[in-house]
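One structure is given below, encoded as structure tokens.
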Amino acid sequence: MISVEEALEKLLSNVDVLAKEEVAILDSLGQVLADDIYSDVDVPPLDNSAMDGYAVQSSDTLGAGPHSPRLLHVIDTVAAGSISESEVTAGIAVRIMTGAPVPKGADTVIRFEDTDEVSRREISGGQTITEIGILCEAEVGLNIRRAGEDISRGSRILAAGTVIRPAEVGVLASLGRSQVTVISRPVVAILSTGDELVEVGQPLPAGKIYNSNSYSVAALVRRYGAVPRMLGIALDSEDSLVTALRRGLDADMLITSGGVSVGDYDVVKDVLAKEGEIGFWTVRMKPGKPLAFGTIRGSDRRGVPRRIPHLGLPGNPVSSMVTFEVFARPAVFKMMGKKDWTKPTVEAVLEDGIVNTGGRRVFTRAVVEKREGRYFARLTGPQGSGVLTSMSQANGLAIVPEDWAEARPGDIVKVMMLDWNEEVI
Ligand code: AMP
Ligand code: MG
């Protein structure tokens, strides 16, 4: 038996970071930036107003107060998106809206609330305001956003290796970029094996079950930023398996489910031995002890021959999801150029007991809740690896170490969080 860490290390040593691609900025969400990004613009491009108000000279506000307004002559109005030709000199004000460039000569902006704008409106009755009373003193630069304050031309704004989040998409847009160069999303071909499987949407004959693994695995692939390629169902026969596999040979990774437990070894093994190399790992974990790993001869997107990593997950629906989280997710992240492939982990007080007979690392479906500043984890009921609803109820996987014969209620265990929701926060 090999440890989870050894298995992961072996898998990752067969997986490489993919090539760069250029994509539309919105499509890059979750991908990793391939190159440093420098700005060739200032953001904002010009000094502009942070408030609706009046652009004036600060020296004109000296001595201004609620009962001693300084009267200025209003010569223009400037809205965001236009530039005022007027120059602000002593005794002059320009009415200015948020985001509008500050007119020449002005060095401060007095917000409407600090002027007699409202009472002037009543007097002017809809006519343009030609005079304004300033009701406070203002220092130079008040309410002015300086050119380049957010981003200055020539500076490095984002570093290669950054994972693109909504904020980075916004920053790229603020630089005027429509495209960005990122590490490609891996295409993951997904194949379920088993004579008993029926595709969703079809009637269910006696003795058959629906193929759920292709869908749970594809959903995980998509959640973690890769692109699932559905190869459907292969029967437990050489012909069927070979035909299905050949449809996925230009993918970046192949994930199969089923056919790796002792009784099934032969078909999968024979086929994969012919199409590439395969090894069976007995990993010291539960669920997911039998795991197949190998490489298959395929070709890249341009038809150049290469070996595609293949991960054979156990067929049990829970096992395939758990082993995906533990092994396939880091592999996908590595291909995407990510450096961090940990899931958030909390230490929780266990509320149920877990036995560990086989000296393996046990991953148990758990519901984690935060109460009075501490995390508590209870099990989601029946833990059979065929009980897929136990995954649906869980928000984490409670981990019992290999060298514990059992975990008792009250013990502190690590829980790998699958999701965060309001109970946990
Ligand atoms: P296997 O690993 O092929 O021996 O399958 C183990 C168990 O998982 C069996 O009960 C299978 O019927 C079930 N199983 C295998 N593949 C799938 C699948 N794609 N969807 C749902 N259940 C599956
Ligand atoms: Mg099977």
Side-chain angles (χ1 to χ4, degrees), residues 1 7 11 188-223 228-245 247-248 251 253-273 275 278-294 296 310-329 358 360 362-365 380 382-394:
M1 282 210 280
L11 167 63
V188 180
I190 298 164
L191 177 65
S192 285
T193 70
D195 289 346
E196 74 280 30
L197 302 178
V198 171
E199 197 46 69
V200 295
Q202 304 296 315
L204 192 66
K208 306 281 184 182
I209 58 167
Y210 285 119
N211 166 22
S212 60
N213 291 353
S214 287
Y215 292 90
S216 52
V217 168
L220 286 164
V221 164
R222 190 174 283 174
R223 163 182 271 197
R229 162 101 60 86
M230 301 299 244
L231 299 183
I233 299 167
L235 301 175
D236 291 315
S237 77
E238 243 184 88
D239 273 0
S240 176
L241 215 53
V242 170
T243 313
L245 276 183
R247 282 187 280 118
M253 186 173 184
L254 169 70
I255 294 184
T256 57
S257 88
V260 293
S261 52
V262 182
D264 296 318
Y265 271 20
D266 289 344
V267 176
V268 177
K269 194 175 188 175
D270 289 351
V271 168
L272 291 170
E275 304 285 317
I278 186 161
F280 288 90
W281 297 345
T282 319
V283 184
R284 206 174 294 131
M285 72 182 278
K286 185 185 172 191
K289 188 163 81 169
L291 202 67
F293 178 73
I296 301 198
H310 163 232
L311 189 59
L313 306 179
N316 270 311
V318 171
S319 313
S320 62
M321 288 194 79
V322 171
T323 47
F324 185 103
E325 291 284 0
V326 176
F327 297 109
R329 184 181 48 80
R360 295 188 273 159
V362 183
F363 294 84
T364 329
R365 277 79 73 204
T380 57
Q383 292 285 313
S385 43
V387 186
L388 192 51
T389 50
S390 69
M391 274 308 270
S392 171
Q393 286 153 20

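Keep in mind that the numbers below use all heavy atoms, side chains included, and drop hydrogens, waters and symmetry copies. Both ligands and their constituent atoms are indexed starting at 1 by order of listing. All residue numbers refer to positions in the sequence shown, counting from 1.
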**OP:** Check whether any N or O atom of G315, backbone or side chain, sits under 3.5 Å from an N or O atom of ligand 1, and answer yes or no.
**Re:** yes

Original post:
To the nearest 0.5 Å, what is the distance between CZ (F327) and CG (L291)?
Top reply: 5.5 Å

Original post:
Looking at N211, which atoms of ligand 1 are within less than 4.0 Å of one of its heavy atoms?
Top reply: 18 (C), 19 (N), 20 (N)

Original post:
Are any of the side-chain heavy atoms of V283 and F293 separated by less than 4.5 Å?
Top reply: no

Original post:
Quick one: which ligand 1 atoms are inside 4.0 Å of a heavy atom on G259?
Top reply: 1 (P), 2 (O), 3 (O)

**OP:** Of the side chain and backbone of I209, name the one, both, or neither that has a heavy atom under 4.0 Å from an atom of ligand 1.
**Re:** side chain

Original post:
Counting each atom of ligand 1 from 1 as listed, which ones have a heavy atom of S192 under 4.0 Å away?
Top reply: 19 (N)

Original post:
Below 3.5 angstrom, do we get any N/O pair linking S214 and ligand 1?
Top reply: no

**OP:** Give the atoms of ligand 1, by number and element, whose distance to some non-hydrogen atom of Y210 is under 4.0 Å.
**Re:** 20 (N), 21 (C)

**OP:** Below 4.0 angstrom from a heavy atom of E196, which ligand 1 atoms are there? Numbered from 1 as shown, please.
**Re:** 11 (C), 12 (O), 15 (C)

Side-chain donor-acceptor pairs under 3.5 Å in residues 195-203, sequence neighbours left out?
unit_1	atom_1	unit_2	atom_2	d
D195	OD1	D236	N	2.7
E199	OE2	Y215	OH	2.5

Original post:
In Å and rounded to the nearest 0.5 Å, what is the CE to OG distance from M285 to S319?
Top reply: 8.5 Å

Subject >> Polar contact flag, side-chain donor to acceptor under 3.5 angstrom, S214-S192 >> reply: yes

Subject >> Interatomic spacing from OG in S257 to CG in N211 - rounded to 0.5 Å >> reply: 6.5 Å

Subject >> Option with minimal heavy-atom separation from atom 20 (N) of ligand 1, where the choices are S320, S212, G312 >> reply: S212

Subject >> Spacing of N213 atom CG and I255 atom CD1 [to the nearest 0.5 Å] >> reply: 11.0 Å

